[in-house]
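Remarks on the structure that follows.
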Amino acid sequence: MKVVRALSVLALAVISFATAQTITIAMVPKFTNAQYFAATQKGGQEAADALGVKFIYEGTVNADIDGQIQIIDSLIARGVNALVVSPNDPDAIVPELKKAQAAGIKVVTYDADANGGRDMFVNQATFDSIGKGLIDALVKETGPKANYAIVSAAATAANQNAWIAAMKAYSAANFPDLKLVDIQYGNDEPQKSFQVSQDLLNAHPDLNGIISPTSVGFPAAAQAVEQAGLAGKVAVTGLATPNGMKQFVEDGTVKTVLLWNPIDLGYLGVQAAYALVKGTVTGPGDTFTAGRLGSYTTQQDKISMNILLGPPYEFTKDNINNFDF
Ligand code: RAM
């Protein structure tokens with residue numbers, strides 16, 4: 001009896017020691033059906049392994065705000081320590097994120113921001129640098145007098161909407177003869193994005209270019225241009241992974257692809273969450289070390305604070321094969 005009791009006391013001690021030590025960080029992408037988010041998962045897992053914390057990655061297959069809220073609700077119930085979320089809707093997500101915060105969970109947004117309920121936003125690059133990069137890539141092909149259209153993600157996507165606003169502002173200030181004739185939303189679904197791209201080409205025979213600031217929309221738009229026999233006539237540029245675009249860059253349909261490193265973005269998101277859980281970062285101006293990416297100082301913003309991964313990269317025929325994400 002005594003031995004049994006001693007053993008169970010020991011077992012309990014071991015269990016409570018283990019629980020006290022285990023930090024769990026959960027990443028919730030906008031959706032799982034994309035190489036882009038798989039790359040952020042890879043980086044998140046890498047950071048979690050380096051930090052010795054448990055990592056959960058859970059999302060809906062397609063962009064779905066209700067499903068995303070349900071997933072976060074179950075993660076709150078499971079008692080995770082931190083959430084790293086790319087919201088599908090910056091407003092609809094807020095009450096759920098606030099619920100997590102009220103339960104003592106640290107909330108990081110990454111990739112796309114929320115309009116409240118987060119402790120830190122890990123931004124991939126400034127909105128302005130992305131807006132400028134995309135317009136410059138387009139103008140390089142079409143010249144400054146051109147008609148272009150945008151194939152975006154979901155109409156509620158905070159990141160795409162911020163990039164579109166930045167494109168419009170940069171273009172208005174620098175290229176008065178560049179005309180945005182249409183914006184269509186493919187909801188980050190391949191088939192829908194392809195369909196709206198085809199519709200755009202049919203509806204605007206005078207179209208000179210398409211910008212698609214989404215990793216799902218961009219290859220779909222390139223495919224539509226190629227299938228219509230318009231490669232070289234209608235420029236296509238945007239944001240997507242090099243792996244998703246290599247074929248179109250190789251065959252000449254696409255000249256320029258822009259993106260940041262999504263592996264690093266996921267890695268930084270988990271590092272930031274860990275710094276919040278550990279209390280290394282408690283407010284704007286605090287500095288923390290994000291493993292192999294070095295040190296970051298948080299900047300104050302109107303909700304809480306944010307950090308920036310860095311400038312976007314440009315991929316062309318000359319360098320795209322050097323990247324594997
Ligand atoms: C899609 C998503 C994501 C965006 C990338 C560029 O994968 O909309 O939020 O950052 O494109």
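Just follow the structure's listing: the first ligand is 1, and inside any ligand the first atom is 1.
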From D111 atom CG to K30 atom NZ, the distance as rounded to the nearest 0.5 Å: 5.5 Å
Run the contact test for W163 against ligand 1 with a 4.0 Å cut-off on heavy atoms, strictly below, and give the result. yes
With heavy atoms and a 4.0 Å threshold, my read on which part of V216 contacts ligand 1 is neither
Among all protein heavy atoms, pick the one closest to atom 3 (C) of ligand 1 and tell me residue, atom and distance. D111 OD2, 3.4 Å
Side-chain contact test, heavy atoms from C-beta onward, threshold under 4.5 Å: evaluate it for F315 versus M245 and give yes or no. no
Between ligand 1 and F37, can you find any atom pair, the residue atom being a heavy atom, that is separated by under 4.0 Å? yes
With backbone taken as N, CA, C and O and side chain as the heavy atoms from C-beta onward, which portion of W260 lies under 4.0 Å from ligand 1: side chain, backbone, both, or neither? side chain
Among all protein non-hydrogen atoms, which one is nearest to atom 2 (C) of ligand 1, and what is the separation to 0.1 Å? D188 OD2, 3.4 Å
Kindly compute the distance separating CD (Q45) from CD1 (I263), expressed to the nearest 0.5 Å. 13.0 Å
Which word best sums up how the rings of W260 and Y36 line up, parallel for under 30°, tilted for 30 to 60°, or perpendicular for over 60°? perpendicular
Close approach, N159 and ligand 1, non-hydrogen under 4.0 angstrom: yes
Near Q160, which atoms of ligand 1 are under 4.0 Å from a heavy atom of that residue? 2 (C), 4 (C), 8 (O), 11 (O)
Atoms in ligand 1 with a heavy atom of T214 nearer than 4.0 Å: 11 (O)
Does atom NZ of K98 have more than 12 heavy-atom neighbours from other groups under 6.0 Å away? no
Nitrogen or oxygen atoms of S86 and ligand 1 under 3.5 Å apart: no
To the nearest 0.5 Å, what is the distance between OG1 on T142 and OH on Y148? 10.0 Å
Note, F121 side chain near I303 side chain (heavy atom, < 4.5 Å): no
Does a donor on one side chain and an acceptor on the other come within less than 3.5 Å for D301 and N306? yes
Heavy atoms only: which of A240, G238, S215, A34 is nearest to atom 11 (O) of ligand 1? S215
